[in-house]
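Taking it in order: structure first as structure tokens, then the write-up.
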There are 2 protein chains.
Amino acid sequence: MTDIAKAVGISRQALYLHFPTRAELLIATTRHIDSIKDVDARLADSRAATSGRARLASFISAWGSYIPEIHGLSVALRSMCDNDAEAAAAWDGRMQAVRHGCVAAVGALAADKMLRADLNEDMATDLLWTLLSVENWEHLVRDCGWSQAEYEGQITRLSEAALLVKN
Amino acid sequence: MTDIAKAVGISRQALYLHFPTRAELLIATTRHIDSIKDVDARLADSRAATSGRARLASFISAWGSYIPEIHGLSVALRSMCDNDAEAAAAWDGRMQAVRHGCVAAVGALAADKMLRADLNEDMATDLLWTLLSVENWEHLVRDCGWSQAEYEGQITRLSEAALLVKN
DNA sequence: TGTCAACTTTACATCGTGTCAAGTGATTGA
DNA sequence: TCAATCACTTGACACGATGTAAAGTTGACA
């Protein structure tokens with residue numbers, strides 16, 4: 001809080017006049033970033049897709065390219081989740097939003113009869129959701145040094161391998 | 001530290017006589033768990049495997065079933081990584097050990113000419129390492145409510161889909 | 001009997017979050 | 001024009017956690 005106040009050019013106490021807690025500041029920041037980066041527009045392509053497979057690819061691309069934009073914030077928010085129920089709820093809410101996208105993509109695949117027979121929609125959604133986690137992005141891009149393009153390419157391939165009927 | 005001391009039945013200060021910092025206590029605990037759970041024995045199957053594919057499956061099973069045993073500790077250790085370089089190094093060391101297992105499994109696949117042509121061994125290792133992350137286990141088992149068997153089954157299938165040449 | 005090791009109690013420094021109170025200065029509305 | 005109000009300031013403090021320091025207790029062992 002001290003650092004943020006310093007960066008903004010006000011006193012630490014003044015920060016508390018705007019945001020009652022550190023968690024609320026971070027949550028407000030996520031809302032602000034969302035409105036600036038216009039998540040809805042990014043997902044428009046995905047919703048407009050005609051085939052299930054196109055919808056999946058488009059959703060992965062939209063979310064995958066959004067991750068780097070929110071990554072710093074996500075680190076801060078996640079590190080608070082242990083001690084702060086409000087922060088945990090905020091993070092969980094964001095992840096549930098991603099899950100809804102996964103549900104939609106999996107539903108579109110199922111409608112196309114493209115979903116593997118040995119997966120129900122719930123498990124397929126869980127798998128896709130897991131593959132698309134921020135942690136996996138961090139691991140591949142930050143820790144392993146992959147480019148964003150490599151990440152998106154491999155995760156798309158892997159998601160298709162995970163969910164689609166053979167051939 | 002207060003809670004641990006209370007649980008052990010000694011004073012908080014006495015804890016500091018044994019472990020200079022909280023991080024060192026956690027690190028010592030990982031060493032202790034390793035020696036008790038005998039990681040080497042768990043990996044023996046994997047090292048004895050004759051085919052690359054068997055080695056992969058066996059490694060996934062060994063590590064995948066080890067994750068729940070160290071999960072609580074891994075949460076504690078990871079939550080310190082932000083502030084504590086020593087804890088970060090300890091966690092990284094553990095994960096590098098897992099990576100070595102991935103390298104060996106990928107190498108065995110490559111030796112069998114079973115590795116996809118569009119993956120070099122490094123990227124294949126990165127992918128497998130990512131799939132086998134503790135975070136993915138947490139996500140599927142803890143957050144999505146999967147059983148350990150479902151986790152191991154799907155991760156094995158997914159790893160094969162990710163790495164193996166198409167049939 | 002004396003020494004040493006393990007442990008105890010007590011006290012304190014530091015850091016971060018969050019609270020509280022009193023004061024300042026500029027805008028605004030009657 | 002005067003007073004209220006708003007946004008901010010400074011300064012102090014409580015709390016919890018980690019870690020340090022010092023002096024005292026207890027029991028084993030030589």
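Since this is a predicted model, take the numbers as computed values, not measurements. Here is the naming used below: chain letters follow the sequence lines, and residue numbers restart at 1 for every chain.
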How long is the gap from CG on B/L132 to OH on B/Y66, to the nearest 0.5 Å?
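So the gap between those two atoms works out to 15.0 Å.
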Gap between atom CZ of B/R157 and atom CD1 of B/I60 - 0.5 Å precision:
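The CZ atom of B/R157 is 12.0 Å from CD1 of B/I60, to the nearest 0.5 Å.
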Under 30°, 30 to 60°, or over 60°: which ring-plane class applies to B/W137 and B/H71, parallel, tilted or perpendicular?
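Because their plane-to-plane angle lies in the 30° to 60° range, the rings of B/W137 and B/H71 count as tilted.
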What is the distance, rounded to the nearest whole Å, between atom [atom1] of [X] and atom [atom2] of [N]?
X     : N      : atom1 : atom2 : answer
B/R22 : D/dT20 : CZ    : P     : 15 Å
A/L25 : C/dG18 : CG    : P     : 10 Å
B/I10 : C/dT9  : CD1   : C1'   : 14 Å
A/Y16 : C/dG16 : OH    : P     : 11 Å
B/R12 : D/dA17 : CZ    : P     : 10 Å
A/F19 : C/dT17 : CZ    : C1'   : 16 Å
A/Q13 : C/dA22 : CD    : P     : 16 Å
B/H18 : D/dG19 : NE2   : P     : 16 Å

Do B/R42 and B/E69 have side chains that get closer than 4.5 Å, going by heavy atoms?
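SC-SC contact between B/R42 and B/E69 confirmed.
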Minimum heavy-atom distance A/D40-A/R47, with the two atoms named:
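Heavy atoms only, the tightest pair is O-NH2, 3.4 Å.
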Using a cut-off of strictly less than 4.0 Å between a heavy atom of the residue and any atom of DNA chain C, enumerate the qualifying residues of residues 78-94 of chain A by number.
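Correct list: empty, so none.
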Full working for salt bridge (charged side-chain N to carboxylate O under 4.0 Å, His left out) between A/E138 and A/R78:
CA-CA 13 Å; A/E138 285 175 346; A/R78 266 179 298 150; 2.5 Å; yes
Which nucleotide wins on minimum distance to the side chain of B/M1, given the candidates D/dT10, C/dT8, D/dT18?
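The answer is D/dT18.
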Check whether any side-chain nitrogen or oxygen of A/S11 sits under 4.0 Å from OP1 or OP2 of D/dT9, and answer yes or no.
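It does, given that an N or O in the side chain of A/S11 lies less than 4.0 Å from OP1 or OP2 of D/dT9.
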